[in-house]
Amino acid sequence: MVTVEKALELTNSNINKTDVIITILISEALGYVLAKDILSPINMPPFRQSAMDGYALGSIDEKTYNLIGEVKAGDDTDPKIGQGEAIRIFTGAPAPAGAKAVVMQEKVAIQNSQVILQEPVAVSANIRPLGEQIKEKDIALSEGTAITAAGIGYLASLGITHVDVYQKPSIAIIATGNELVPPGQVLKHGQIYESNSIMLSAALAQKGFDDISFFKVEDEYDVTLSLIENTINNYDLVLISGGISVGDYDFVGKALNVLDVEEVFYKVKQKPGKPLYFAKKQRTTIFALPGNPASALSCFYIYVLPTLLKISGLRDHYLKRGSATSTANYVKKGQRAEFLKASLKDGKVTILDGQASSMLRSFALANAMVYLPEEVTEVAIGDTVQIINLP
Ligand code: AMP
Ligand code: MG
């Protein structure tokens, strides 16, 4: 049995980012992590650009300017403009080389082809300089950055079509248990609906992991053994639900021992999720999660997700942590560290009712977990507690 801190350290130190790098279209890059720095192939903007609909001015000291021409967005022209002259210009249009500033059309009066300023204009006003956002060959986005919708737009604006990213891991989810039936069937006495695999796959999908295969296995040693062996040989991450406790029909641990995996830890001094198991075999990472749904999901967020994000190359792979003020008293029942489903709002955190590891209702309503380390035995109203934001 290890402490939470040790378990976090061991998952982190035993995992490396993948060395498999793939080149993909930016339209398919959402959620991937850049495997190389991206250098801008162009200056952005690629020319001095008007930021307003208005008038380009050949000088800024006069009050009145002669209107001598026009430039629209997309025009490939560079009309000459001199002292006391103005050119009609629109947002995004190339500013004439001789333009000293652009004045907004709302700030001028037009009379007989003359542009009359209503207030003075500063030099370079409303002109975006060449390369203002980024210069050619500068780093546009660096290695280890997750690609967002804005990131895709930014790369497209630089004319980039493909990026090198870290391959996302392939994932096998194995649900163990004779009692489990898929939602949609009528339950017989003794049966419950299988909810962990769909829940874990949703939590994975939320973070962009979609290469998932599902398996269901009865509590029988031989089939458990061969299924786990098979998945270890074929997937980057094997996520097993249930069967890792100490019951007579929990065969996951026995199978993993026989399969000669490199066990890193089994059991963490925490509630929920004590029977968590973490191992490696060559390139494959193995987590066996306790079957109780809230335990499985807690372990997923605390250990599995950061591990997956690290494998995928992300620099900041832990969930956001912080602190908040407790709205109520809470007394721990045991010695273990606790992760409590909670609702966080405006810096105040409320520990929700129904914290049993078999219950998901509180998790379904939670946006954070309160973390109480081993040494914290109780919380009083107004105490500052550690929190982990849920995605
Ligand atoms: P286990 O870890 O296999 O001892 O399971 C602990 C508890 O979680 C038992 O009450 C199981 O019925 C329940 N459980 C295990 N796997 C699942 C699952 N995939 N979906 C929902 N409940 C589960
Ligand atoms: Mg079971």
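Sequential numbering from 1 along the given sequence is applied to the chain's residues. Indexing begins at 1, ligand by ligand and atom by atom, following the structure's order.
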Quiz item: In the protein, what heavy atom is nearest to atom 21 (C) of ligand 1, and what distance, to one decimal place, separates them?
Solution: Ser195 OG, 3.4 Å
Quiz item: Would you call the rings of Tyr221 and Phe251 parallel, tilted or perpendicular if under 30° counts as parallel and over 60° as perpendicular?
Solution: perpendicular
Practice problem: Note the single closest protein heavy atom to atom 17 (C) of ligand 1, along with its residue, its atom name and the distance in Å. | Solution: Asn196 ND2, 3.4 Å
Quiz item: Taking atom types as modelled and ignoring hydrogens, do the side chains of Thr327 and Thr350 form a donor-acceptor contact shorter than 3.5 angstrom?
Solution: yes
Self-check item: Ligand-side contact atoms (ligand 1) for residue partner Tyr193, heavy atom cut-off under 4.0 Å
Solution: 20 (N), 21 (C)
Exercise. Could you find the nearest protein heavy atom to atom 3 (O) of ligand 1 and give me its residue, atom name and distance?
Key: Gly243 N, 2.9 Å
Quiz prompt | Any side-chain heavy-atom pair of Leu289 and Ile244 under 4.5 Å | solution = no
Self-check item: Atoms of ligand 1, numbered as shown, that sit under 4.0 Å from any heavy atom of Ser241
Solution: 16 (N), 19 (N)
Quiz item: Counting only heavy atoms, which portion of Ile192 has something under 4.0 Å from ligand 1: side chain, backbone, both, or neither?
Solution: side chain
Practice problem: For atom 6 (C) of ligand 1, grab the closest protein heavy atom and report residue, atom and distance to one decimal in Å. | Solution: Asn292 N, 3.6 Å
Quiz item: What's the shortest distance from atom 4 (O) of ligand 1 to any protein heavy atom, and which residue and atom give it?
Solution: Asp250 OD1, 4.0 Å
Quiz item: Looking only at side chains, do Gln167 and Tyr32 share a donor and an acceptor under 3.5 Å apart?
Solution: no
Quiz item: Identify the closest protein heavy atom to atom 2 (O) of ligand 1: which residue and atom is it, and at what distance?
Solution: Gly291 N, 2.9 Å
Quiz prompt | ligand 1 contact by Ser197, heavy-atom criterion under 4.0 angstrom | solution = no
Practice problem: Say whether Arg128 and Gln133, considering side chains only, have a donor N or O and an acceptor N or O under 3.5 Å apart. | Solution: no
Quiz item: Is it true that Lys72 and Asp75 make a salt bridge, defined as a side-chain N closer than 4.0 Å to a carboxylate O?
Solution: yes
Quiz item: Does the N or O separation between Glu194 and ligand 1 drop below 3.5 Å for any pair?
Solution: yes
Self-check item: Donor-acceptor under 3.5 Å (Asp138 side chain, Ile134 main chain)
Solution: no
Quiz prompt | Basic-acidic side-chain contact under 4.0 Å: Lys281, Asp260 | solution = no
Practice problem: Measure the distance from atom 11 (C) of ligand 1 to every protein heavy atom, then report the residue, atom name and distance (to 0.1 Å) of the closest one. | Solution: Glu179 OE2, 3.0 Å
